[in-house]
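Heads up: the structure comes next, in structure tokens.
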2 protein chains.
Amino acid sequence: MSKQRQQPEKTTHTCCDVGVLMDPAFFKALCDPNRIALLDRLAQCPEPCTVTELCCCCDVDFSVVSRHLALLRDAGICHAVKRGKQVHYSVNYTDLAARLRAMADAIDACCPSGTGECNDVHTNKPE
Amino acid sequence: MSKQRQQPEKTTHTCCDVGVLMDPAFFKALCDPNRIALLDRLAQCPEPCTVTELCCCCDVDFSVVSRHLALLRDAGICHAVKRGKQVHYSVNYTDLAARLRAMADAIDACCPSGTGECNDVHTNKPE
DNA sequence: TGCTCATATGCGTCACTATGCAACTATACC
DNA sequence: GGTATAGTTGCATAGTGACGCATATGAGCA
């Protein structure tokens, strides 16, 4: 796929998408070092991991790991499947990559050259 | 190494890039609604904005806006240029989009199909 | 020089978040 | 049913971040 720079042919992002796509809640889920460590660990595992397996990747209590994973799950970044008494966590890679790429596209579509020239300028002066 | 399935020809991201590229500090800079509002406002402006101009886009004290902008600047997301007694802020669009796209690429390169199959598995057990 | 405007910074406060421990729930196995 | 294992949740605490106010800095102008 050759989307990027001098605007995408298919994606039709505009300036206004920047504020919509860049969701603070999404970033909040990713702004903790331990959560990134968990995602990193999950990314390196060929198959979903249990909470116990993930515990070794960050030096915090076991309950804390559980909570971080629940947060990532609630943010739509992870996926949890209960199998017996274990819960297997995995990353929604497709969705996560798509969200990040959509933001990049929106930014590119807005000011692709970085010259300060916007493609979709609507300087809404509030009040 | 035989990473790669149907992913980008040029980018050579691997699993290990996920943890490196996904910097918590970067996400921390973006996890505040007011900062996103500021970025959104900047994205909609054809040219760099002053602190005063940006103040109207979020309902907080003026000193707070200044602080948010300084934080975005320190995170490498914004750029500040002093002109006379005003400081003009602009977004490093190119860099911001590149960082987001690099993350998306790294994730795709790792588990592009979302099947749970990794291309580059190196389960590094930390200590 | 003194004043004003634009912005940055010090400081105290409040709210939220991460954390660890303990208690709880749920499942599997005896 | 009783026990062990896996994970979640309640609670208290410490740390961090956002905020507003007051003040400082720095540039332009009379």
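Fair warning: this is a prediction, and the values are worked out from it, not measured in the lab. Order of the sequence lines sets the chain letters (A, B, ...), proteins ahead of strands, with each chain counted from 1.
One interatomic measurement links the two molecules: CG of A:D59 to C1' of C:dG20, which rounds to 12 Å at whole-angstrom precision. Rounded to an integer number of Å, the gap from A:D61 CG to C:dA23 P is 14 Å. The nearest whole Å value for the distance from the NE2 atom in A:H68 to the C1' atom in C:dT17 is 9 Å. For A:D74 and D:dT9, the CG to P distance is 9 Å, given to the nearest whole Å. Look at CG on B:L38: it is 13 Å from C1' on D:dA18, rounded to the nearest Å. If you take CG of B:D32 and C1' of D:dT16, they are 13 Å apart, rounded to a whole angstrom. When the P atom of C:dT19 is taken as reference, atom CZ of A:R35 falls 8 Å away, rounded to whole Å. Spacing between atom CG of A:L72 and atom P of D:dT8 amounts to 12 Å, rounded to whole angstrom units.
Nucleotides of DNA chain C nearest to A:N34 and A:K85 differ in position, and the one nearer the 5' end is that of A:N34. If B:L69 and A:S63 are placed on DNA chain C by their nearest nucleotide, the residue sitting closer to the 5' end is B:L69.
A:R83 comes within 4.0 angstrom of nothing in the nucleic acid, heavy atoms only. Within the 4.0 angstrom heavy-atom criterion, base atoms lie near A:V64.
A:R83 places no side-chain N or O within donor-acceptor distance of the main-chain N or O of A:H88, the cut-off being under 3.5 Å.
Dashed line: the shortest gap from a side-chain N or O of A:S66 to OP1 or OP2 of D:dT8 is under 4.0 Å.
Side-chain proximity of B:L71 to C:dA6, C:dT17, D:dA18: nearest is D:dA18. With C:dA6, D:dC19, D:dT8 as the candidates, the nucleotide lying closest to the side chain of A:Y89 is D:dT8. The side chain of A:K82 lies closest to C:dT27, out of C:dA8, C:dT27, D:dG7. Each of C:dT17, C:dT19, D:dC21 was ranked by its minimum atom distance to the side chain of B:R67; first place goes to D:dC21. When the nucleotides C:dT19, C:dT7, D:dG7 are ranked by their closest atom to the side chain of B:V51, C:dT7 comes out on top. Distances were taken from every side-chain heavy atom of B:V60 (C-beta onward) to each of D:dG20, D:dG17, D:dA18; the shortest belongs to D:dG20. Taking the side chain of A:F62 as heavy atoms from C-beta on, and the options C:dA8, D:dG7, D:dG20, the nearest nucleotide is D:dG7.
Between B:H68 and B:V64, some side-chain heavy-atom pair lies under the 4.5 Å cut-off. For the pair A:L21 and A:I107, the minimum side-chain heavy-atom distance is 4.5 Å or more. Between B:F26 and B:I77, the closest side-chain pair of non-hydrogen atoms falls below 4.5 Å.
Ion pair B:D105/A:R101 flagged as a salt bridge, since at least one NZ, NE, NH1 or NH2 atom sits closer than 4.0 Å to an Asp/Glu carboxylate oxygen.
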